[in-house]
Each structure stands twice: as C-alpha cells, then as structure tokens.
Amino acid sequence: MAHTYDHQTVEAKWQAYWVQSGTFHVQEDPDKPKYYCLEMFPYPSGRIHMGHVRVYAIGDVVARYKTMRGYNVLHPMGWDAFGLPAENAAIEKGVHPNVWTQENVAYMKRQLQRMGLSYDWDREVNTSQPEYYRWNQWIFVKMVERGLAYRKRSAVNWCLSCETVLANEQVLAQEGKDGGVCWRCESVVIQKELEQWFFRITSYAQELLDGCDRLTTWPARVLAMQRHWIGRSEGVELDFPLAETLAGLKAIRVFTTRPDTIHGATFMSLAPESPLVEQLIAGRPEAAGVREFVTRVSRLDKATRTAADRDKEGVFTGAYAINPFTKERIPIWVANFVLYEYGTGAIMAVPAHDQRDFEFAKTYHIPVRLVIQDREGKLASETLEAAYEEQDGAGLLVNSGNFSSLSVSQAKQAIGEYVETQGWGKRTINFRLRDWGISRQRYWGTPIPMLYCDRCGIVPVPEGDLPVVLPDDVPFTGKGGSPLKESPSFSQATCPTCGGPARRETDTMDTFVDSSWYFLRYCSPKNTTQAVNPQAAHHWMAVDQYVGGIEHAVLHLLYARFFTKVLRDLGLTTADEPFTHLLTQGMVTKETYWCEEHRWLLPTEIKKDGGQRVCVHCGRTIVTGRTEKMSKSKKNIASPEDLCERYGADTARMFSLFAAPPEKDLEWSDSGVEGCYRFLNRVWRLVQELLPVVNGADTKPGSGESVLLPQLQRATHQTIKKVTEDLERGFQFNTAIAALMEFVNELYKFWKEYPGEVLTVAERAAWRTTVETLLLLLAPFAPHVTEELWETLGKRPGMSRQAWPDFDPVLVASAEWTIPLQVNGKLRSKIVVPAGSTKEQIIAGAQEDPKLAEWLQGKAARKIIYVEQKLVNFVI
RNA sequence: GCCGGAGUGGCGGAAUAGGCAGACGCAAGGGACUUAAAAUCCCUCGGGCUUACAAGCCUGUACCGGUUCGACCCCGGUCUCCGGCACCA
C-alpha cells in the first residue's frame with residue numbers, strides 16, 4: 001500500500017464535485033436557524049498569501065461545522081477591488097486598473113477554490129463594478145439628504161510635486177527636519193486647505209461608544225482601541241471675557257475637563273489655526289511675530305505637528321482675558337500644542353495641574369498657582385517640579401475661594417453648576433472622534449455623485465441617473481490631482497434642476513466606504529433595485545462570526561458599525577451592530593535570515609557547512625533574524641501555491657489551524673507542515689487497513705463479551721465531546737485537532753491489539769461507526785481527504801450535508817476512575833476504583849494503599865479533602 | 001506616558017469554577033524493517049539526584065511575597081516582551 005495518498009487527484013476531484021453539485025449554494029431556509037459566517041474580503045493584489053490561507057481556513061471550518069450542526073449557513077466571498085495599487089499598475093505598466101483588477105480577481109478566485117473553501121460563489125461581489133458602487137452612490141445621496149454627508153474645507157497633507165492629497169501614513173518623517181516628505185517622490189509635503197466631503201460619523205459617537213459595552217465577546221484590545229478612538233470626555237465649556245473688548249469679540253470660549261482647577265488658570269492658549277488669533281493681534285506690535293509663528297507651525301504636516309515629544313512653543317498675542325473666577329487679567333498666548341479641531345480650539349492653561357501647561361509656563365516664565373493640595377499637604381506653587389495631575393482622589397482644593405477644601409470630584413460638580421447658573425457656559429461632552437473625510441483625488445474608486453451648478457449650487461445626481469460610471473478616457477500620469485478632471489466627457493454635465501451646464505465632482509470615495517456595508521450586500525447581492533433587500537438582511541443579519549486581521553481594529557470595524565446604523569436608520573436593516581462575534585486572527589510569521597553581504601536570504605540560499613549555516617553566495621555565517629510577519633522584502637515567505645502542490649490544501653488548512661490558537665501569531669514551520677501531512681496520511685492508511693473489516697462480509701459470528709467494543713466507544717465519544725467543546729468554546733481549533741490526533745493514535749493501538757481476523761460482528765460494526773465518526777469530526781478541517789475516504793466506505797458523497805455526531809455521556813464515562821492521592825497537597829500515589837465509587841469507598845480504598853501509608857507514617861489525617869472524581873488530599 | 005495583551009521544556013503550544021504541569025505536534029537521540037536510503041513502525045525526551053534489568057526522591061510554569069489542605073490559575077508588588085494610542089485640554 002502506498003504510504004501517502006494522492007492529494008492532487010483527490011482534491012481536484014472533490015472541488016469539481018462541490019461546484020457541479022452546487023453544494024455550497026445557499027438560500028434562506030425558514031426551517032433552520034441561520035448562521036452568517038464571514039471573513040474579511042481580500043484586496044485583489046494578485047496572489048493569495050499565507051495570511052489569506054489562515055483567515056479563510058478559520059472561516060471555512062466555522063462555516064462547515066455550523067452547516068453540519070444544522071444551521072442555514074451564509075458563507076460568501078467577494079473582492080475589495082478599488083484601491084491605489086491598481087492605479088499604480090496603470091501608471092507603471094500602462095494596464096487599465098479595471099483590467100489589472102479583473103485579472104487578479106480571476107487568478108485569486110482560482111487559488112481560493114484550490115483551497116476547497118465552502119463559499120457560495122453565486123453571491124460574489126466586486127466593489128469596483130458599477131453593479132456594486134452604484135449603491136455606494138445611492139447611499140451617499142441619502143446621506144446628503146439627511147445631513148450625514150457634507151462638504152467643508154479642511155487641512156490635508158499635500159505633495160507639491162505629485163499634486164495629490166496624501167494620507168498621514170504616506171507622509172514620511174525626515175530626520176533633523178521639521179515637516180515630512182512624500183513617500184513616492186520625497187518632495188516636501190505641506191498642509192493645504194481643500195474642500196472635501198465628510199461623513200458625519202460624530203452624530204453616532206455616543207451610540208458607537210455604548211455599543212462597545214454590548215459587544216462583550218469582541219477581543220478586549222479591539223474594544224479598548226475603539227473606545228479610545230471615540231474618546232469621550234465630560235467637561236465644561238465656558239467663556240473667558242477679554243480684558244479689553246475688541247470689535248465683534250468679547251470673550252474666548254474654552255473647553256476643559258478640569259473645571260476644578262480653574263482658579264489656577266494663569267494664562268490662555270489658542271491654536272495657531274484659530275481665526276481668533278488674527279482678531280486679537282490686529283494693530284498690535286506683537287502681530288508680526290505672531291504671524292511668523294503661526295505660519296511656521298501650520299506648515300508642518302500633522303504627524304510632526306502632533307508628536308507628543310515636541311517642545312512646547314508659543315508666542316504672546318499682547319491681549320489679555322479675565323479669569324471669571326479670580327477676576328485676574330491673564331495673558332492670551334498662541335501655542336503649538338493646542339489643536340484647532342478639538343474642543344473650541346482654545347484652552348485655559350493651568351500650569352500647576354497640567355504637564356503641558358507646566359512646561360509652557362516654565363519656558364515663558366508664566367506664574368504657576370497651586371489649587372489642589374495632595375494628601376501630605378507639602379506641595380507649593382514655587383517648588384513644583386512637575387504638574388500635579390491628581391489621579392487618586394486624595395487631593396483637596398486650595399486657593400479656590402468658596403470652593404476650597406472640596407475634593408476634585410466635588411469641585412468638578414460644583415464649579416460646573418456655578419458656571420451654568422452664572423450663564424458663563426455649560427457642562428458638555430467632547431469626542432476625539434472626527435468626521436470621516438472621504439474625498440480622494442484618485443481614479444480607481446467610486447465617483448462621488450454630486451454636481452456643481454453655478455445657478456443651483458451643489459446638486460446630487462438624481463437616483464435615476466445612477467450609477468455615475470468611471471470613464472475610460474483617463475490618462476494615468478500619477479500627477480495632477482484627480483485623474484477624473486482630465487476626462488471632459490466625465491466632468492462636464494447638465495444640472496438636473498435647471499438644465500444648465502454643471503461640473504461633476506471629480507473626487508472619488510475612500511475605499512473604506514466600499515467595505516463598510518458589503519456584508520449587507522451579500523444578503524441580496526443580485527438585487528438591481530435596492531442596495532440591500534430588507535427582508536434578506538433581516539433574515540441573515542447580523543454576521544454571527546466575523547474573522548479578520550487585527551489591523552482593522554479601528555478603521556474598518558468602526559466604519560462598518562457606523563454604516564450599519566446609518567442603513568438601519570434608512571430602513572434597510574434592523575441590525576444595530578454588524579458583527580456579533582469577532583475573531584481577530586494573528587499574523588503568519590517566519591524566521592528571517594541575514595547575510596552581511598547579501599542581506600536578507602531565502603531559506604534556499606542557505607547551506608550547512610560543518611554545523612554552521614552559511615550563505616550560498618559568499619560563505620559567510622548566517623545571522624538568524626527575528627521571526628516576523630511574512631514579507632517579500634525580508635524574504636521569509638512561504639507560498640500557498642507550493643504548499644498546495646506538495647502537500648495539498650487539506651494539509652495547508654490543518655497546519656494553519658493546528659500550529660497556534662487562532663488569535664495568536666502563527667510561526668510558519670516547514671517541518672510542522674510535514675507533521676500535519678503525516679497525520680492525514682495516517683488517517684488515510686488507517687481507513688484503508690480497516691476497509692476489509694468495515695466493508696467486508698460478516699464472517700465471524702459474535703461471541704459474548706467484547707473488551708474492544710467499550711474501548712472503541714469510549715474513545716469515539718470522548719473525542720466527539722472534546723472536539724465539539726473546543727469548537728463551541730471559542731473555536732479552539734488547535735486543541736480540537738490535537739484531540740483528533742490522539743484519537744487516531746489510539747485507534748492504531750486498538751487495531752494492533754485486536755487485528756481484523758479476531759473481530760466479532762458487533763466489533764466490526766463498532767469499528768465502522770468509529771471510522772465514520774472520525775471522518776465526520778475531521779471533515780470541516782480536511783474536507784477533501786475525508787470526502788474521498790467517506791466514499792471508499794461506500795457512503796454517498798457530500799459530507800457537509802451529514803449531521804455532526806452527538807456524544808453519549810454514558811459512553812464517555814470510563815468504567816474506572818484513577819484517583820490521585822495527595823499528602824499535604826503533594827502527589828504521593830494513585831488508586832484505581834470502579835466508576836461511581838462513593839467518597840467513603842474511595843477514602844477507605846486510599847487508606848489501604850501501601851504507598852500512601854508510608855507517607856502517612858501511621859499518623860491519622862487531621863483533615864481529608866475529597867474532590868469528586870478528582871483527588872483525595874490527606875492533611876497531616 | 002496611557003491603554004490592552006502575554007511570560008510554561010530545545011521549539012510551537014496543552015492544562016484555569018484552584019485539584020495528576022508539559023496533551024498534541026516539531027526537533028533531537030536510540031531501535032526495528034531495508035543491500036542502502038526514503039517512507040513506515042517502536043522507544044526515550046524539563047532539570048537535578050539516588051539507585052541502576054525495576055524504581056524512588058527533590059526541584060520546576062518570568063521574579064518576590066501572600067491567601068489556601070492544595071496556586072501556571074486568585075491577591076499585592078517587581079521585571080521583561082508584544083500590540084495600540086500618543087500634546088484631545
């Protein structure tokens with residue numbers, strides 16, 4: 001018999017069978033509970049990588065398992081197909097983005113099918129096609145109608161050479177210089193004010209925050225990141241009147257979370273971008289210096305601007321305000337660390353109790369006034385070496401008039417109320433979350449369906465005119481801002497209101513828009529009249545299990561939550577949250593190799609030389625680098641294609657599930673892969689060896705008691721229990737597979753001990769059940785080889801339509817218990833007792849144990865602790 | 001700095017309502033089969049010690065302390081690593 005099975009033939013056979021029989025096609029089935037299993041859809045970059053293998057293997061086991069458990073499972077797949085790489089390919093290779101994308105989709109689809117994934121390909125979506133993106137446009141228009149999409153000027157990173165907006169991540173810091181450079185051409189990046197479209201995600205800030213409390217099964221760190229990103233702070237907004245009223249400006253409004261420290265506010269700071277600055281300095285001698293400072297600061301890109309370790313810098317405006325509580329004149333400064341977009345763009349500065357204000361005050365010799373004293377009472381304004389940012393609730397107010405001697409929390413309350421009764425301001429809540437700017441000066445994205453008419457202003461494209469389709473007559477130069485501007489046929493349009501000439505919006509949408517609702521589109525992917533069919537969405541939503549990378553912890557997962565709420569409010573879904581359970585799988589990593597001369601090396605560029613690993617090119621000793629995420633540049637890549645070729649998809653799937661728990665990083669190991677391949681071959685051979693027994697004619701009559709029978713049954717039912725529990729308890733694939741390996745090891749022992757010739761009819765039947773169960777339990781993990789073996793057992797094909805086996809608790813229990821015996825908590829002996837023995841019987845049995853008696857040395861135990869079926873501990 | 005997570009053999013990792021630490025796999029070593037190799041099968045495998053065909057003892061889950069009959073698990077403190085955020089008033 002061959003020692004390995006022919007995975008190539010077997011896998012091709014069953015993949016063809018699944019397609020031809022429509023195994024994975026799914027429709028709403030009212031008779032079954034629904035289960036929506038979804039993995040984050042890929043960007044069609046060209047080839048799938050091990051990260052894809054891992055995430056889709058995880059999702060596929062979930063989907064196949066739930067199907068066998070009797071659920072009506074929706075398991076779709078599609079393509080997040082808009083994005084910059086397609087446009088870069090167009091610039092570099094002259095291939096149209098659509099051609100490049102579609103070719104990649106076709107190739108990657110074959111690769112996914114080669115993995116034997118149980119997708120309903122009839123529901124495939126592709127976000128770059130008009131059938132999909134027209135609904136982005138429809139949703140956009142609805143959001144405009146509801147005030148959830150709007151246009152405003154905002155500062156963006158702008159590359160002077162490429163003439164395009166850059167994301168913050170695309171601005172590279174440069175050593176020794178203020179400001180960053182473009183990642184592509186290394187020219188200076190400036191801040192530029194542009195008109196951009198925004199989604200009012202801040203309208204949902206509180207709901208998005210509250211929702212985090214209900215997503216109890218999401219990973220803690222994802223929730224922590226989302227909460228932090230939303231960043232709710234409670235505080236007070238109040239006016240500081242100007243010492244001398246200026247034309248049209250009487251006061252400056254600030255936001256503070258620390259109203260309790262207000263008596264210590266010895267100056268104010270404005271953001272450099274604040275329009276108030278110009279009003280304050282007009283006509284003053286300080287004006288020129290302030291303007292110079294503002295220009296210098298605002299030239300910096302955002303990342304540099306907001307680096308926390310930047311020195312606190314500022315300039316005095318020459319103007320003063322009145323602290324409403326102390327009535328003192330306090331100077332108004334402009335400071336580099338004050339953000340215009342947060343709060344009111346102006347702060348009251350309390351150097352004694354805020355570290356930034358403290359550093360600023362020390363630099364510019366501004367008075368520090370202590371208004372909270374710590375528990376020991378030794379702090380003093382003059383000797384303070386750092387701000388006392390009271391945390392533990394021990395501090396009490398001092399130098400604060402009627403509020404002195406209140407605790408911090410009491411003072412927050414009292415001063416907040418006082419501000420309101422005086423009419424100076426109000427208690428309020430601020431969020432860090434900003435509205436989502438979605439305009440992109442790019443071609444390969446959804447055209448924003450808006451028109452600009454000189455007479456009628458900004459007008460949405462009427463619903464009947466959607467989609468606004470991407471034009472083909474666009475040159476790809478990589479320069480000149482929005483490529484759509486270069487297409488006259490596109491940018492010139494007619495105003496639907498007045499019939500006059502109009503200019504079409506030439507920016508496209510952020511690709512995160514596409515992925516914010518695709519899970520809803522899968523419910524009714526072919527619908528040509530609606531973005532989402534509400535009935536279908538009602539049936540399938542929410543996604544029961546979402547699987548994807550942690551890198552989307554904030555952006556995609558937050559945007560998707562936002563869109564779900566928007567579409568809910570548009571009446572398209574009843575779901576409040578899109579993803580009930582979230583599994584964030586770890587990265588796939590691999591060891592790296594470094595040669596001093598030839599830099600990063602492939603494993604094939606290394607040879608062994610006298611116990612040392614050396615470079616094949618120069619013979620230098622190899623340095624083993626960190627184990628890192630697989631990347632082309634580090635040359636620590638393993639190829640899914642090679643893997644499928646050599647070992648097959650089943651092995652690839654098994655290894656990526658077995659080598660680590662799903663949420664942890666997985667270190668790729670070629671020998672580990674071999675281990676999984678060996679295991680599948682062991683299963684294969686076991687079934688082959690057993691075939692004559694389980695398929696053969698019943699020749700030997702039954703003969704009374706069987707020793708094997710209960711052992712087979714117990715092993716089988718214990719394994720069903722373990723695998724089922726591991727899958728139910730948070731998808732612990734690694735231990736589920738370990739249990740299957742143990743099971744197979746055990747079955748080989750039984751087979752050796754009780755060879756086929758001696759088996760009774762009943763034992764043969766038990767073997768048959770055992771083997772069938774093994775295949776059923778293994779099927780979600782290794783679907784091809786199990787289908788093949790299932791067929792050799794004479795079964796009808798289609799394991800995914802088989803029911804998941806149940807275990808019988810009676811058969812799980814063993815006939816004997818092994819009870820560890822402890823003396824003073826240390827293991828000293830073990831006894832074997834019949835199952836069901838009582839506490840008294842077990843203790844009596846233990847006391848007859850000679851080894852235990854030795855340890856007890858004739859002493860009577862002070863105390864005997866018995867844990868049901870677990871152990872006995874004698875305390876002496 | 002703040003937030004989140006994690007520290008267990010040579011390696012990946014098991015075991016938590018507090019109850020036999022190291023399942024399963026890899027690597028390594030030994031053996032069987034073979035002319036040989038591959039494949040396959042069997043055995044050993046945390047450290048130390050005593051005895052050596054058998055067996056036994058001590059020790060061990062980052063570190064220090066605590067609670068408990070009993071701690072990888074709970075509590076207090078320390079260290080290290082990973083990830084995220086980083087002037088948000």
S.K.: Want to know the stems of RNA chain B: at least 3 consecutive Watson-Crick or G-U pairs with distances under 3.5 Å, which are they?
M.R.: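 Runs of three or more consecutive pairs: B:1-7 with B:79-85, B:10-12 with B:24-26, B:28-32 with B:40-44, B:46-50 with B:55-59, B:62-66 with B:74-78.
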S.K.: Establish, with yes or no, whether the OP1 or OP2 oxygen of B:rA89 is under 4.0 angstrom from a side-chain nitrogen or oxygen of A:Ser269.
M.R.: no
S.K.: Please determine whether a side-chain nitrogen or oxygen atom of A:Trp817 lies at a distance below 4.0 Å from atom OP1 or OP2 of B:rC20.
M.R.: no
S.K.: Return the value, rounded to whole Å, for the distance between atom CG of A:Leu827 and atom P of B:rG19.
M.R.: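 A:Leu827 atom CG is separated from B:rG19 atom P by 15 Å.
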S.K.: Does the distance from a Lys or Arg side-chain N to an Asp or Glu carboxylate O, for A:Lys721 and A:Glu725, drop under 4.0 Å?
M.R.: yes
S.K.: Go along nucleotides 80-85 of chain B 5' to 3' and tag each nucleotide: B for a protein heavy atom under 4.0 Å from its base, S when only backbone or sugar atoms are that close, - otherwise.
M.R.: ---SSS
S.K.: Taking only the P atom of each, what is the distance from B:rG22 to B:rA28 in whole angstrom?
M.R.: 24 Å
S.K.: Within residues 865-874 of chain A, which residues have any heavy atom lying less than 4.0 Å from an atom of RNA chain B?
M.R.: A:Ile865, A:Val867, A:Lys870, A:Leu871, A:Asn873
S.K.: With P as the reference atom in both, quote the distance from B:rG7 to B:rU16 in angstrom, rounded to an integer.
M.R.: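 B:rG7 and B:rU16 have their P atoms separated by 14 Å.
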S.K.: Heavy atoms under 4.0 Å, any strand shown: does A:Lys851 hit a base, just sugar-phosphate, or nothing?
M.R.: sugar-phosphate
S.K.: Given B:rA14, B:rU59, B:rG4, identify the nucleotide with an atom nearest to the side chain of A:Lys826.
M.R.: B:rU59
S.K.: Taking atom types as they are modelled, would you say the side chain of A:Gln355 forms a donor-acceptor pair with the base of B:rG1 within the 3.5 Å cutoff?
M.R.: no
S.K.: Which nucleotide sits closest to the side chain of A:Lys752: B:rC41, B:rA14, B:rC88?
M.R.: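 Closest nucleotide among those given: B:rC41.
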S.K.: Can you give me the N/O atom pairs linking the protein to nucleotides 6-8 of chain B at distances under 3.5 Å, or say none if there are none?
M.R.:
none

S.K.: Taking the C1' atom of each, how far is B:rG5 from B:rU59, in whole Å?
M.R.: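 Their C1' atoms lie roughly 31 Å apart.
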S.K.: Just the table, please: protein N/O against nucleotides 64-68 of chain B N/O, every pair under 3.5 Å.
M.R.:
none

S.K.: Dump the pairs, protein N or O against N or O of nucleotides 24-32 of chain B, anything under 3.5 Å, distances to one decimal.
M.R.:
| residue | atom | partner | partner atom | Å |
| --- | --- | --- | --- | --- |
| B:rG25 | OP1 | A:Asn745 | ND2 | 3.3 |
| B:rC26 | OP1 | A:Arg678 | NE | 3.0 |
| B:rC26 | OP1 | A:Arg678 | NH2 | 2.7 |
| B:rC26 | O2' | A:Ser671 | OG | 2.9 |

S.K.: How should the glycosidic conformation of B:rG9 be described, syn or anti, under the criterion that syn lies within 90° of 0?
M.R.: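 For B:rG9, whose glycosidic angle is within 90° of 0, the conformation is syn.
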